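Below: the structure, in structure tokens.
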Amino acid sequence: MRHRLPVSLGAKLVAILTGVALVGAGAVTLLLALVITPGFDKLEQAAADAHVERTRAALTEYASKVEASVRDYGDWNASYDYMQTPNKAFEEDSFATWAMINLGVNGMAYVTPQDKVVIARWLDIDSGRDVPEMRARMLAAVARIDLARVLANDNSASFYVRLGDRIAAIGVAQVRRTDGTGPVRGHVVMARLITSEQLSTLLQVKAVLDVPHPVPDATVIRHGQALDVAVPVRGADGAPVASATYQVPRDLSALGRNMLVLAVGGTILLLLIVMGVLSLMIARLVLRPLNRVERHMGVVRRSGNLMPLTEAPRGDEIGSLVANFNAMLSQLKDLREQVEVQSFELGQSESAVAVMHNVRNALNPISTVLSQGLNPAPVADRALLDRALAELADEGIPAARRQKLAAFVAAALESEARARAERAAQMEIGRDALHNVLEIIGRQQEQAHERPPLDSCNVTDIVARNATIARYSGGSSIAFHFPSKPHWVMANRVLLSQVVGNLFANAAEAIAATGREGGSIWVTIRDLDGQVEVTIRDDGEGFDPDTAARLFQRGYSTRAQKSGGLGLHWCANSMVAMGGSLALRSDGKGQGARAVLMLQASETMREGMAA
């Protein structure tokens with residue numbers, strides 16, 4: 001049998017310290033990640049929210065400038081009079097190129113309360129030329145807006161509209177007198193284009209107006225090194241008409257990662273230094289003294305000389321260990337002498353008792369068979385048989401009487417033949433039992449000094465053979481039930497047969513202890529994963545489950561009329577020697593008992609299970 005090499009304590013301590021260091025590093029990393037990362041994430045989120053609010057403020061400010069200009073034109077007596085009586089002079093003065101350039105608007109229009117356009121113009125501020133196409137887009141966009149609803153809460157408003165592939169800030173104001181009185185005579189509309197360049201100037205970042213893909217709400221998408229910010233540019237009804245998109249670097253996130261890496265790296269380095277110092281101290285103060293003790297133990301084991309360990313006195317646990325070790329060696333030296341004197345006598349005694357116990361169980365059936373053979377029941381009355389033969393010899397006996405006498409003699413001879421056959425069968429059983437006794441005696445010396453050899457044997461055949469013998473072990477009538485399918489196990493056939501025979505004998509005694517005339521013994525065999533389970537169940541007196549462990553003690557018995565024996569103790573040891581186990585179970589007094597044998601399945605059985 002191969003022995004595993006012992007694992008070094010130093011290796012264990014190094015592994016433990018390494019594990020502690022790894023767990024500590026992981027815990028510190030997790031702690032720092034839980035502290036640093038969320039903090040910088042919150043700062044980054046606050047910065048992203050600030051970018052969004054700044055974008056909204058810039059868009060609102062841009063549109064509010066257009067609203068301020070249009071409010072001046074709305075609250076103006078000249079505009080109020082013009083809406084009542086349109087005239088050329090007002091149009092040439094208010095819609096002049098220089099006037100629109102000074103206002104910084106691209107488009108202007110006056111609209112009646114019935115949404116009729118009085119005058120409208122669109123000007124390219126850079127070139128100073130009219131752009132009829134943009135004028136038409138502006139008027140179409142204004143026509144789709146309910147100006148009265150937009151100005152329901154104020155006399156002016158501003159919003160953004162989409163003009164083809166361009167976006168313009170629109171300002172709308174009611175046309176009233178300069179002092180704000182008088183009925184509303186219409187609306188004045190001003191439009192000012194906003195471009196990506198203008199938005200970039202307002203936000204101080206490179207921004208783009210995404211007209212085809214307006215977002216419903218402000219969104220911030222995180223990438224590895226930057227944040228994608230998209231803010232909706234809302235129209236008159238609040239629906240987005242475009243998106244203001246730009247990227248900002250994730251400086252705070254990068255700073256947080258750098259801080260986390262530095263903190264974790266410094267902590268791990270510190271842990272490594274601490275673990276290294278601890279390893280050196282443990283090796284010097286603990287491992288080296290323990291290695292000296294281990295080497296001395298090896299010398300004692302190899303030489304057999306129980307000499308004490310000479311070590312410098314120490315007041316710590318290692319010194320106490322050395323002192324106790326030396327005291328143990330001294331005690332072992334004294335005990336060795338006592339054990340050597342007693343071992344031979346004890347071994348002889350135990351071996352003899354074990355053999356006699358097994359021989360007794362095997363001789364019981366022989367005694368029963370011989371008793372039955374020595375006291376056979378008479379088949380027929382000898383006097384009647386002699387009388388019948390005498391009458392048959394008389395030639396004067398009538399034929400009818402002769403036939404009856406012949407039948408009587410034939411029946412007597414047939415009964416005698418059956419009795420002889422039964423005695424022959426009983427003698428065969430006795431011979432098998434005697435063969436078991438001879439095997440027990442012949443193999444005892446080998447079993448006492450060596451591990452029993454294991455072979456592949458059919459446990460079903462062993463059970464059947466011992467069941468046949470056990471029927472004659474006592475005066476009770478016992479019915480046996482066991483399977484017929486072969487089950488192959490790795491065991492010593494002789495030892496296993498003795499174990500099964502002992503268990504059957506115990507079961508028969510338990511049945512007899514109930515006071516009944518007879519009982520039953522059931523044997524079930526199950527194939528488990530690489531093992532075979534043999535369960536022997538009887539309907540005898542049973543036992544208290546709390547006493548199950550004591551049943552294997554030498555000399556213990558559950559029946560007061562017995563002084564105990566070596567049976568179960570020997571059976572359990574034999575099963576362990578064969579690589580198996582024996583367990584006894586019962587549901588209580590009067591509930592019967594179960595003996596469970598666990599054996600290793602042979603290769604034949606495993607191949608059959610695999611097939």
Side-chain angles (χ1 to χ4, degrees), residues 4-58 199-200 203-208 210 215 217-231 243-295 314-319 321:
R4 297 181 58 185
L5 295 176
V7 179
S8 171
L9 178 59
K12 286 185 178 180
L13 290 176
V14 170
I16 292 172
L17 291 176
T18 303
V20 171
L22 292 176
V23 172
V28 170
T29 302
L30 180 61
L31 180 62
L32 293 176
L34 292 176
V35 172
I36 294 176
T37 303
F40 279 90
D41 287 344
K42 290 180 180 178
L43 292 176
E44 186 179 69
Q45 185 62 42
D49 295 339
H51 282 297
V52 172
E53 293 302 324
R54 188 161 59 88
T55 304
R56 289 173 176 168
L199 184 61
S200 299
L203 300 178
Q204 296 299 309
V205 294
K206 185 177 180 181
V208 176
D210 189 356
V215 295
D217 202 354
T219 59
V220 178
I221 301 176
R222 290 175 172 80
H223 296 288
Q225 303 297 329
L227 297 175
D228 287 346
V229 181
V231 179
S243 299
T245 62
Y246 54 90
Q247 281 190 341
V248 292
R250 301 184 65 181
D251 296 332
L252 291 174
S253 178
L255 178 60
R257 286 196 299 270
N258 294 335
M259 287 187 62
L260 180 61
V261 170
L262 290 176
V264 172
T267 304
I268 292 177
L269 180 60
L270 178 61
L271 284 174
L272 290 177
I273 294 174
V274 172
M275 293 299 106
V277 173
L278 286 176
S279 299
L280 291 176
M281 292 298 99
I282 291 174
R284 180 177 180 182
L285 299 177
V286 179
L287 296 181
R288 290 179 183 174
L290 290 179
N291 286 335
R292 288 195 293 271
V293 174
E294 182 184 9
R295 288 196 298 271
R314 296 178 54 168
D316 54 9
E317 288 81 358
I318 300 296
L321 173 65

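Quick note: residue numbers are just sequence positions, from 1. Source: prediction; values computed, not measured.
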Interatomic distance, Ile273 atom CD1 to Leu278 atom CG [nearest 0.5 angstrom]: 12.0 Å
Enumerate the residue pairs fulfilling side chain to side chain donor-acceptor pair (under 3.5 Å) with a member in residues 281-293, sequence neighbours excluded, ordered by first and then second residue. Arg292-Glu311
So, Ser243 side chain and Ala230 main chain: donor-acceptor pair closer than 3.5 Å or not? no
State the CG-CE distance between Leu280 and Met275, to the nearest 0.5 angstrom. 12.0 Å
How far does CG of Leu227 sit from CD1 of Ile221, to the nearest 0.5 angstrom? 10.0 Å
Considering residues at least two apart in sequence or located in another chain, which fulfil the side chain to side chain contact (heavy atoms under 4.5 Å, CB included) criterion with Gln247? Ala226, Asp228
Does Arg222 have any salt bridge (Lys or Arg N to Asp or Glu O under 4.0 Å) partners at least two apart in sequence or in another chain, and if so, which? Glu44
Holding to side chain to side chain contact (heavy atoms under 4.5 Å, CB included), I want the full list of residues that pass it with Ile268, two or more places apart in sequence or in another chain. Ala25, Val264, Leu272
Closest heavy-atom contact between Tyr246 and Val52? OH-N, 4.2 Å
Without swapping roles, check the side chain of Arg56 against the backbone of Val231 for a donor-acceptor pair under 3.5 Å. no
Compare every heavy atom of Ala207 with every heavy atom of Ser200, then report the nearest pair and how far apart it is. OG-N, 2.8 Å
Mind checking what makes side chain to side chain contact (heavy atoms under 4.5 Å, CB included) contact with Val20, not counting sequence neighbours? Ile16
If we only count heavy atoms from C-beta on, is the Leu203 to Thr55 side-chain gap below 4.5 Å? yes
Taking side chain to side chain contact (heavy atoms under 4.5 Å, CB included) as the definition, give me every residue that meets it alongside Val23, ordered by chain and number, with sequence neighbours left out. none
